[in-house]
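Shown next, in structure tokens, is the structure this report addresses.
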Amino acid sequence: MTGEAVLRIGELSKRSGVSPELLRAWERRYGLLEPTRSPGGLRLYSPADVERVRLMRQHLERGVAAAEAAGLALQAEAGAPAAASPAALRDDLAAALDRFDEPRAQAILDRLLAFMTVDTVLGEVVLPYLRELGDRWERGEASVAQEHFASGVLRGRLLGLARGWGLGVGPTAVLACLSGEQHDLGLIAFGLVLRSRGWRIVYLGPDAPIETVEEMSRELQPSLVVLHAVAGERVEPVAEQLRAIAGRHRVALGGAAAATGALADDGVLLLSGDVIAEATRVSSLDPR
Amino acid sequence: MTGEAVLRIGELSKRSGVSPELLRAWERRYGLLEPTRSPGGLRLYSPADVERVRLMRQHLERGVAAAEAAGLALQAEAGAPAAASPAALRDDLAAALDRFDEPRAQAILDRLLAFMTVDTVLGEVVLPYLRELGDRWERGEASVAQEHFASGVLRGRLLGLARGWGLGVGPTAVLACLSGEQHDLGLIAFGLVLRSRGWRIVYLGPDAPIETVEEMSRELQPSLVVLHAVAGERVEPVAEQLRAIAGRHRVALGGAAAATGALADDGVLLLSGDVIAEATRVSSLDPR
Amino acid sequence: MTGEAVLRIGELSKRSGVSPELLRAWERRYGLLEPTRSPGGLRLYSPADVERVRLMRQHLERGVAAAEAAGLALQAEAGAPAAASPAALRDDLAAALDRFDEPRAQAILDRLLAFMTVDTVLGEVVLPYLRELGDRWERGEASVAQEHFASGVLRGRLLGLARGWGLGVGPTAVLACLSGEQHDLGLIAFGLVLRSRGWRIVYLGPDAPIETVEEMSRELQPSLVVLHAVAGERVEPVAEQLRAIAGRHRVALGGAAAATGALADDGVLLLSGDVIAEATRVSSLDPR
DNA sequence: ATAGGTTTTGTCAAGCTTTTGTACAT
DNA sequence: ATGTACAAAAGCTTGACAAAACCTAT
């Protein structure tokens, strides 16, 4: 990703005009460079390192002192996430949320949204992060507080993106979490992706009684009803009513519960793939 | 937000022309500066500090006593930051753009978009600002530079919001500025509002030859063709072709040129009201 | 696949300019060559080996040390066609834009930005594509509509990447298209590359009156003023003022107009090479 | 403004290892 | 042709030093 590390210190010195001793000092003192090593222990630098040294020199020339110049040179890279892989960005976001650093998390999200489409941000960063957080939580590596905090920040952000999603001329989808289910981030994400395909969204939120969903569906005659549950056991108690709704509307079931495969035979679409793909699929079905 | 604190006192001294001793004295006596510190205890100043010292000197030169000058310099900054209400934010935005402060403008837009829908931001902030800027320019109160700079920032931002607006299942609208017309911000805004109502947008940009628009319309069979011109004289030369297109598609004409009333009888919709209202109106017309 | 192995070591030595001893050393130490053997045990080399030795020498000349040079020479053969090449992605992008498929184009750009630096995306994909589009347009193979549409999509994307480019402590550059010039994509790209080298950008956009540029330069005292024009005839009318600005600031002229060579003697830097190289050159000049 | 102490940072040195082109003996 | 040897060049680590720039307090 950063290009191959193939330059020894002498060559880097020649290219950058900085003596080898000084380069080593910068590495030791400021962590400006983290060269890989040859089997024998020689430092090997990549083109990205050449660039970083050039930046450092530029700042020095403008009067910024070495320690600060190094900070800037390092930061310049961190601040240009376009150069980093989505995975790296996800890690950044994860780190910020883990230490309850909301402003930083918001800033990362701002940048992400400036660089990529909403679809990609959701599919490559936010949702993978949520999955990972869930895994860590199961393994006891993430605290409840972290999970709450991260959910709060992300929910706020996603709902911000969602503002106005009920407006327009497209087909309508009613979205709701099954009774008892509190995890709605995945559902909101699904709504956003549908929205980006022109749909109108009516969002009933977490823990929606199935009767409410039924009533809304009767009233709005939506083109799609999306139900969502992470826990598989939410489905069983309402299976009967789900079948009934599926008789009158197109119904889809998302979240981990979809993977159990229940209800597939009853005309309920199971959304078990990734959000973007499923939204695209659903979106392109014939209206019913 | 204040920029990074990276300058040591010597560099600040060089840049501001004030001796280090005096800078320390100002800090101690008037609290003019509150530098962060390096791990070793060295003072670190930010670009904002440079500005504050410059202000202080300016006041001193005009004969204001040091204590008062410091007060003024501090106060100048306290006035700017963190307004919360939309109206205040609009003023902030205007102020930031007027003084070519791109980062500040972006931050304000970030906050605006966090609080309001795209529609509202456009209708209440961006478009009124553009109108006001135009007025000030006519009265000679705004420079060409300010107008160019602001357009650049806002265009980037609006096109950023537009990312992905071609996606989906909604009706399609082709958008273009008439030949010779370079002002496309109003058109982009209109496109965004249409988009928020579920439409798909195909955007041809400024200065689009009418033949091109015709060709695209034949090819894509859009539900709507929106043409845009600020200057009224763009309309006359292409009136004939406009009528022809209007015979085959629903055509709307926006921008100040719409107010002239030309073509109204030829089946061309004139969008002379505010963007949101007009987009809503157009959006709810029967398909043709 | 490697062609026939027919060259003895003496002949390979002659053709490659590398002594037989050294060739054997490279074989032993780095496995650079794996010659077949004659019945009598003589090494026999294939044309592919000649090429590999040539590559090795090339890397050595550029300062890469022997062990790493050998690695690169070997890898060039094994890994060349592996990763989705920029060329292929460029073709994808071109195809999507040609058929007015904005969402697809955005998705491709998302992927590009996820795996490459902004510099690389600009230098290897976006700018070559724009050049190619221009060529096709001249040959009548691309329509005006395609050109407009593609410009719009890319402008939005580039300006999105530009968010925050006014922030920081680096030197400042003022960017503007000469009066009458509307093609600003190249200039934005140049600004982005400068940005990635630590500069702060103030962007005045297309069609900027030279007086405006002059005024801004006086006010901001930038380290660099970059002017841009595709059409050569934009330069003549403002040559006098350009010289004047060049007397007070470092001035660079980019775009196809730079290739005409005008003004070179008047202290105006001509940016006629590729964007990345020129930005690097400009960026490393002494402050003035 | 000065005095006396501290931090920062580029440079150098000593002693040892790795790398690599070339040479030599078998 | 092979294998070994060798020596120059380039690197590595540790430690130290001194000039410049800063700090506080008087």
Side-chain angles (χ1 to χ4, degrees), chain A residues 5-33 35-45 53 56-57 59-61 63-71 73, chain B residues 5-15 18-25 27-29 33 35-45, chain C residues 8-10 12-13 16-45 53 56-57 59-61 63-71:
Chain A
V6 290
L7 301 175
R8 313 243 259 239
I9 200 167
E11 183 60 22
L12 173 59
S13 169
K14 246 182 245 165
R15 293 195 186 184
S16 64
V18 178
S19 76
E21 289 81 12
L22 190 47
L23 288 172
R24 284 191 284 253
W26 285 352
E27 173 184 332
R28 184 170 11 104
R29 291 178 181 154
Y30 318 120
L32 181 68
L33 301 163
T36 57
R37 300 284 184 141
S38 80
L42 301 197
R43 276 166 249 255
L44 296 178
Y45 298 94
V53 173
M56 169 97 187
R57 281 201 49 178
H59 284 128
L60 284 178
E61 267 167 28
V64 178
E68 285 70 50
Chain B
V6 290
L7 301 175
R8 313 245 259 238
I9 200 167
E11 183 61 22
L12 173 59
S13 167
K14 246 183 243 166
R15 294 196 184 184
V18 179
S19 76
E21 290 79 11
L22 191 47
L23 287 171
R24 283 192 282 254
E27 172 184 333
R28 186 166 14 99
R29 297 206 269 253
L33 301 163
T36 57
R37 299 284 183 142
S38 81
L42 303 197
R43 274 166 252 255
L44 296 177
Y45 299 94
Chain C
R8 305 239 270 250
I9 198 166
L12 174 59
S13 169
S16 62
V18 179
S19 76
E21 290 82 5
L22 190 46
L23 287 172
R24 283 192 284 259
W26 285 352
E27 174 184 331
R28 181 169 14 101
R29 289 179 182 153
Y30 317 120
L32 181 69
L33 302 163
E34 297 190 8
T36 58
R37 298 293 182 139
S38 78
L42 300 194
R43 273 168 249 255
L44 296 178
Y45 298 94
V53 173
M56 170 96 186
R57 282 202 49 178
H59 285 129
L60 283 178
E61 268 165 29
V64 178
E68 284 70 49

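Below, chain A is the first sequence line, B the second, and so on; all start at residue 1. Since the model is a prediction, treat every value here as computed from it, not as a measurement.
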In this structure, how many angstroms lie between the [atom2] atom of [N] and the [atom1] atom of [X], rounded?
X        : N       : atom1 : atom2 : result
Arg24(A) : dT17(D) : CZ    : P     : 16 Å
Arg43(B) : dT8(D)  : CZ    : P     : 14 Å
Lys14(B) : dA20(E) : NZ    : P     : 13 Å
Ile9(A)  : dT18(D) : CD1   : P     : 17 Å
Leu44(A) : dG11(E) : CG    : P     : 11 Å
Arg57(A) : dG10(D) : CZ    : P     : 11 Å
Leu33(C) : dA1(E)  : CG    : P     : 13 Å
Leu23(B) : dT24(E) : CG    : P     : 13 Å

Nucleotides 19-26 of chain D: protein proximity per nucleotide (B base, S sugar-phosphate only, - neither; heavy atom, under 4.0 Å): SBBB----

Which residues pass the side chain to side chain contact (heavy atoms under 4.5 Å, CB included) test with [X], sequence neighbours left out?
X        : value
Leu22(A) : Val18(A), Ser19(A), Ala25(A), Trp26(A)
Ala69(C) : Met56(C), His59(C), Leu60(C), Val64(C)
Glu34(C) : none

All side-chain hydrogen bond (donor to acceptor under 3.5 Å, both in side chains) counterparts of Arg15(B), not counting sequence neighbours: Glu11(B)

Partner set under salt bridge (Lys or Arg N to Asp or Glu O under 4.0 Å) for Arg8(C), not counting sequence neighbours: none

Smallest separation among heavy atoms of Tyr30(A) and Ala67(A), with atom names: CE2-CA, 3.7 Å

